[in-house]
Amino acid sequence: ISACEKGGQWQEALKLFDAMPQSKVQPNVYSYSAAISACEKGGQWQQALMLFDAMPQAKVQPDVISYNSTISACEKGGQWQQALKLFNAMPQAKVQPNLISFNSTISACEKGGQWQQALQLFDAMPQAKVQPDVISYSAAISACEKGGQWQQALKLFDAMSKHTVSPNFSYLQCFVAERRSSLWRDW
């Protein structure tokens, strides 16, 4: 299943996953996570979510990888509400969100035009003892830029250098956000 996932063959991964019970092999958290990840990489967010939702019925406890793969599938599918719902369910399931959990959910909110949600998640990272990286900053800056919050984007950009996070395209996003705001003011 994992080899199919790495090869971009999500249909084959699901065929193998579905054949497990017939072969007297019980799916576990690893096989579920690999199948979910294959669906995520194949752009099949509905399939990923169906597999994730089937885990409790199969008496398989989702772990951080299961959550992250499903959140990422929802993010890539433009389903920010689903991604946020999964993220918010992690503590109740006694699964600690990690950097990937935060980054995928922030990116989902950014793509969904939810800059306030993206910033709330970003701001919650230190409390969760998760150190933001360039992806965290970039997604939050992009969310602010898309929401017309150029001052907030610039604040985040400034914070990057204070926390020794090297900017990538974040500089360009801040510049674009600031330029848009000045064009608007000049208009």
Side-chain angles (χ1 to χ4, degrees), residues 1-114 117-118 120-122 124-140 142-143 168-169:
I1 294 169
S2 193
C4 292
E5 174 251 327
K6 285 175 180 47
Q9 301 295 317
W10 67 270
Q11 298 98 331
E12 292 300 315
L14 288 184
K15 283 181 191 173
L16 288 169
F17 181 83
D18 290 341
M20 290 177 73
Q22 296 166 343
S23 301
K24 307 277 190 271
V25 178
Q26 276 305 111
N28 60 21
V29 70
Y30 304 110
S31 53
Y32 268 100
S33 294
I36 290 168
S37 186
C39 293
E40 176 249 331
K41 287 186 176 52
Q44 304 298 310
W45 70 269
Q46 298 100 328
Q47 288 280 35
L49 200 53
M50 283 180 13
L51 285 165
F52 182 86
D53 288 343
M55 292 176 79
Q57 186 179 353
K59 295 183 178 25
V60 176
Q61 179 66 35
D63 63 5
V64 71
I65 296 168
S66 312
Y67 272 97
N68 289 348
S69 295
T70 310
I71 290 169
S72 184
C74 291
E75 178 252 328
K76 288 178 180 166
Q79 303 299 310
W80 69 269
Q81 299 98 329
Q82 286 290 344
L84 193 57
K85 181 179 170 186
L86 286 162
F87 180 86
N88 288 333
M90 292 176 80
Q92 185 178 358
K94 297 186 179 17
V95 176
Q96 182 67 35
N98 63 13
L99 182 62
I100 295 168
S101 314
F102 275 98
N103 285 350
S104 294
T105 310
I106 292 169
S107 291
C109 291
E110 176 254 326
K111 288 179 181 174
Q114 303 299 310
Q117 290 285 352
Q120 284 178 1
L121 287 162
F122 182 86
M125 292 177 81
Q127 185 179 352
K129 297 184 179 18
V130 176
Q131 183 67 34
D133 66 358
V134 69
I135 294 168
S136 317
Y137 277 100
S138 296
S142 180
N168 54 6
F169 65 95

When you compare the side chain of V64 with that of P97, does any pair of heavy atoms fall below 4.5 Å?
no

Among residues at least two apart in sequence or on other chains, which ones pass side chain to side chain contact (heavy atoms under 4.5 Å, CB included) with S136?
L99, N103, F122, M125, P132, D133

Which pairs pass side chain to side chain donor-acceptor pair (under 3.5 Å) with one or both residues in residues 47-61, sequence neighbours excluded?
none

Donor-acceptor contacts under 3.5 Å from residues 12-21 side chains, at least two apart:
unit_1, atom_1, unit_2, atom_2, d
E12, OE2, K15, NZ, 3.3

Contact check, side chains of V29 and S66, non-hydrogen atoms, under 4.5 Å
yes

Selection residues 22-34 - residue pairs positive for salt bridge (Lys or Arg N to Asp or Glu O under 4.0 Å), sequence neighbours left out
none

Which side-chain N or O atoms in residues 76-91 pair as donor and acceptor under 3.5 Å with protein atoms at least two apart or in another chain?
unit_1, atom_1, unit_2, atom_2, d
K76, NZ, E40, OE2, 2.3
Q79, NE2, G77, O, 3.3
N88, ND2, L84, O, 3.3

N98 and S101: side-chain contact (heavy atoms from CB on, under 4.5 Å), yes or no, with the steps?
CA-CA 5 Å; N98 63 13; S101 314; 3.0 Å; yes

Which pairs, with at least one residue in residues 52-74 and sequence neighbours excluded, count as a ring pair (Phe, Tyr, Trp, His ring centres under 6.0 Å)?
F52-Y67

Give a yes or no on whether the backbone of I65 and the side-chain of S69 come within a donor-acceptor separation of less than 3.5 Å.
yes

Residues forming a side chain to side chain contact (heavy atoms under 4.5 Å, CB included) with A128, sequence neighbours excluded
Q96, F102, V130

Looking at every heavy atom in both S104 and S72, which two are closest together, and how far apart are they?
OG-CB, 4.1 Å

Identify the two heavy atoms, one from A140 and one from I106, that lie closest to each other, and give their separation to 0.1 Å.
N-CG2, 3.9 Å

